Amino acid sequence: MPGAPKFYEFSEVPVSDSCWSLSTGPDGRIYVAVCSEGLGGVGVYIARYNDEHDRLDYIVDVAHAVDDPPDSGRATQCKIHYCFCPSRRDGILYAATHLSGPALGDFLYSPWPDWNDPRKAFRGAALLAYDTKSEEVRWWDTIAPREGSRCLALDEERGKLYCVTYPRDHFVVYDIKTRTRRDLGRIGSVNSQIVFTDRRGRAYTSSDMGQLVRYDPDRDRLEEIPVYIPCEAYQSRWHSVIYDAVASPEGECIYGVTWRAHEHLFRYWPEEGPYGRMEDLGPGTQDRDTSFPADTFADHTGGLVFGADGMLYFVHARWPDQPLPTSKDSVGVVCRMNPQTLEKREVVLLTQEGRTAQYVSRAARDRFGNLFFGHVGGVPSGMFRLPMDVPGNRTDLHEPLRTWG
Amino acid sequence: MALDLAGRTWPVHPWKNPEFDLKSSHLQNTEKYHHRGFVQEGTMVAMPLAFPGITTPIPADECAIVSLAMDSTRMVFGGTAGRAAHLFAAMTRGVTGVVHDLGVIPGAWACTSVMPARDRTIYLAASGADGGKIYRHPPVPWPYDCLQEWGFSRPGYTELAHPFADEGIAAAVLDDSRRTIYGVSDRTGTLFGFALDTSEVRRFGKVDAVHRFSRTIIRDLRGSIYGTACNGSLWRFSPDEGALVDLETWIPCAAGREIHNRAEALALDPVTGVIYGSGSSDGFLFAFDPASGRLRSLGKPGVSPTIRCLTVGNDGRLFGICGGDDDIGHLFSYDPEDHALRDLGVPLSLFGVRAYGYVYGAAITGPDGEMFFGQAERMGHLWLYFPAIKVRRPAKDGE
């Protein structure tokens, strides 16, 4: 059973406003992205939870590591957005950066109008390889010129990284050995928030219309396959893109949730038949007034992670008994789902004095089996640690590693 | 080793800068900054390459639209490029609202030109592993009511000619009065004519000696055909004389960059006969009057050096989209009355399909002034554009 959650403020970066990425590293420790997207002239930092001293250590100043300092005059390397990918083989934690933070002194940044301005436009998503053993950035490259990397997945077997770009929504294959990128073209207009892989190394993301898009490395084909992600009956499939997804401990199926108001949980069995099988596990949040266009900050489910107890944990927003969800009134609640019975229970509230915690981006499990949740919002932003009642003194409870962001 | 961030100073957001007057009128439209990047004049609507809600669209990687044409009944035909090439019929009149995929053109990876004839037969130029071919597709009947009951067919293509075995056809035009298709091959720039009635293929020579010719051509009001050769030099072919002439007129570009320049898009004003075009080196627009032989530079409508589609509106304005494969395209207009170039913004569709549009490969104008832009990305749509109608102004005294 989980204990009481504790909040860790990103106090060393007091202007930070979001934690879009949080991941288990190859070493079983927790790495977090300390992002600042609302304020110009600030880059993203990577911090690591120090489980010996119960604190966060700030270990990488990403903007400087990738030679794109925050005062460059361009849109900043402000965040890492669902783009941590740990490699257990070589101890590298891959990370790719994302855009949205304005240049120093600017009010805001939009990549569309500034696309062709080399003085203002985002330089491009930097891919960096952080060696968790030597504690240094081994190398970096640009994985998406002029664009951000919305999400990233690693295929350790083939040495490939897969990324979805923003704003153009292109699918990119990056070869780690040759450090070359191939742009396979556009998927749609609404970014899926994830790329995940199956046991055969096929990579999946989704289209605007909630259709699975699969890259088969053996055939070198990116294709829309006839599998659709569930949504409410009153909604069209538009915007049923995937928000978060986690593999079952045995790896035979994927649990996920969509990125839209009134989001649905689902379970996908990629190896059943030529296209896999999709199961609708129902809505992630409570009923509400369907005539109101709630936003994904208020009506949200994210942070999917399996506990060492084999249960699926995630955080959904809950709002008071009122028809209209708002991020101000919503709270984040950790839920547990039994994968055998699909029974779902709320187990603990994520709270921190003076802030809401309804928007959990990603979650991860450390080597001791404790759970961590990245949170978006609040200044400074931060993360939650949820101690789990795990018997014994094992230090390998972070396995199996999730290799996508 | 942990970073020491304790001594860092952090920026202050402009909204919190005490020296700024946040009530200033200069700041009042800041929230519109994002929206202003997208089409600001007229309306764009993206049509799926499908019967919406009924069929799957033309597959991604096979649907980049590179050619468009309209027949006498206002049915729009498009040719695609990619892993496979398709011809489609888009119906936006009557009880339709449908894009009908007429099927894969055998062995082709690009349908570079679509040419509806007066009798509604559709002729195609296509390129593929077997070279360049000319096909015929029978007239496409209008289906009955596409809200309730409809009927479609997919009769297939008839190969009419195989002018090139080792290169494709870059572009072709139909001269209905001469019952001849004229075209240019895509590697050597060989100009050819294919007589529909006799099936004879004639070659008229190469439009350019060093393969730096335009992959687009256009037919003027008198039936002469134009393109560019090396240095962006205009050539003309007169079918009656069978003569290919170098006009020694160069389309505009940045100084010294002629060697990189060729026409990338061409459009005819059907009223004035002026041919508009864009140059590939720097994205300069030009207007060429075949009657006088005069050519004028119109300037650059955007930052990108690439303009692949142009069309002349019913009011005489020129419209196009500027931007290449790695760009975010911008719709623009040129008004020959006041010579104004306007950046109208990034294509965006909000009705039916909600999508941004970035890369386009073809454009045409319909009888009501509606325009069709063919998206040329891995996935895409046929985009309709309804230009804004000019606002009436009350007459001033004395006018």
Side-chain angles (χ1 to χ4, degrees), chain A residues 11-16 36 38-42 45-48 50 55-61 70-71 102 104-117 135-136 145-146 167-171 183-190 207-209 211 213 221-224 226 238-239, chain B residues 1-6 8-17 20 22 27 30-31 33-38 46 48 53 56-57 59-61 64 82-83 302-305 322-323 325-330 343 345-346 348-349 352-359 375-381:
Chain A
S11 51
E12 296 288 299
V13 186
V15 295
S16 65
S36 303
L39 174 63
V42 184
Y45 293 84
I46 298 174
R48 182 174 59 212
N50 184 327
R55 68 172 190 225
L56 283 170
D57 293 333
Y58 295 77
I59 54 174
V60 183
D61 176 342
D71 60 356
L104 179 64
D106 281 0
F107 285 86
L108 44 85
Y109 177 65
S110 175
W112 288 274
D114 286 341
W115 179 259
N116 273 313
D117 185 347
E135 303 200 335
E136 62 184 347
R146 294 194 278 184
R168 295 189 309 154
D169 205 26
H170 280 219
F171 189 88
D183 185 336
L184 300 190
R186 189 169 167 193
I187 295 169
S189 291
V190 185
S207 77
D208 293 9
M209 296 305 292
Q211 186 171 12
V213 180
R221 282 291 293 268
L222 179 69
E223 55 195 350
E224 284 70 8
W238 178 73
H239 217 297
Chain B
M1 175 128 160
L3 303 170
D4 180 11
L5 300 175
R8 273 212 60 170
T9 52
W10 303 95
V12 176
H13 199 286
W15 290 121
K16 295 179 180 171
N17 187 332
F20 287 1
L22 299 180
L27 288 175
T30 305
E31 75 282 2
Y33 169 74
H34 173 68
H35 302 283
R36 284 185 53 79
F38 298 90
T56 54
D61 269 331
R83 259 177 225 286
V303 177
S304 170
C322 132
D325 288 340
D326 288 329
D327 272 326
I328 287 177
H330 281 234
D343 180 352
V346 176
L348 177 73
S349 170
V353 172
R354 300 171 69 79
Y356 314 107
Y358 297 142
V359 183
Q375 194 175 355
E377 302 183 61
R378 176 182 171 271
M379 46 65 64
H381 302 89

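Protein chains get the first letters and strands the later ones, always in sequence-line order, with residue 1 at the start of each. The structure presented is a predicted model; accordingly, all values stated were derived computationally and were not measured. Just the heavy atoms: all of them, side chains too, but no hydrogens, waters or symmetry mates, feed the values below.
- Contact count against chain B (heavy-atom pairs under 4.5 Å) is highest for A/L39 among A/L39, A/I187, A/D114.
- Interface residue A/V13: backbone and side-chain heavy atoms are both found under 4.5 Å from chain B.
- Of the listed residues (B/H13, B/R36, B/R8), the greatest number of heavy-atom pairs within a distance under 4.5 Å of chain A belongs to B/H13.
- The closest side-chain heavy-atom distance from B/D327 to A/R146 is below 4.5 Å.
- Considering every non-hydrogen atom in both A/R186 and B/R378, the closest pair reads O-NH1, 3.0 Å.
- Residue A/L222 touches chain B through both its backbone and its side chain, counting heavy-atom pairs closer than 4.5 Å.
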Discussion item. Checking B/L3 against A/I59 for the side chain to side chain contact (heavy atoms under 4.5 Å, CB included) test, could you report, in this order, the C-alpha distance in whole Å, the side-chain angles of both residues, the deciding distance, and whether it holds?
Written reply: CA-CA 6 Å; B/L3 303 170; A/I59 54 174; 5.7 Å; no
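- Closest approach of A/P167 to B/I328, counting heavy atoms only: CG-CD1, 4.1 Å.
- Taking A/E12, A/M209, A/R168 one by one and counting their heavy-atom pairs under 4.5 Å with chain B, the maximum is reached by A/R168.
- Classified by interplanar angle (parallel below 30°, tilted 30° to 60°, perpendicular above 60°), the ring pair A/W112/B/Y356 is tilted.
- In terms of non-hydrogen atom pairs under 4.5 Å with chain A, the most contact-rich of B/P14, B/G37, B/A2, B/A6 is B/P14.
- In this structure, the portion of A/E223 lying under 4.5 Å from any heavy atom of chain B is its backbone and not its side chain.
- Put simply, of B/T56, B/D326, B/V303, the one with the most heavy-atom pairs under 4.5 Å next to chain A is B/D326.
- Considering all non-hydrogen atoms of both residues, A/S110 and B/H34 come closest at OG-ND1, 3.0 Å.
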Item to complete: Begin from the C-alpha positions of A/F107 and B/F20 and carry the test side chain to side chain contact (heavy atoms under 4.5 Å, CB included) through to its verdict.
Response: CA-CA 12 Å; A/F107 285 86; B/F20 287 1; 4.2 Å; yes
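- Annotation: the span from A/S189 atom OG to B/Y358 atom OH amounts to 6.0 Å, rounded to 0.5 Å.
- Proximity to chain B (any heavy atom under 4.5 Å) is restricted, for A/Y45, to the side chain, taken from C-beta onward.
- Heavy atoms closer than 4.5 Å to chain B are found nowhere in A/R48, neither backbone nor side chain.
- No part of B/V353 comes within reach of chain A, as not one of its non-hydrogen atoms sits under 4.5 angstrom from that chain.
- Contacts of A/D208 with chain B are made by side-chain atoms alone, with heavy-atom separations under 4.5 Å and no backbone atom involved.
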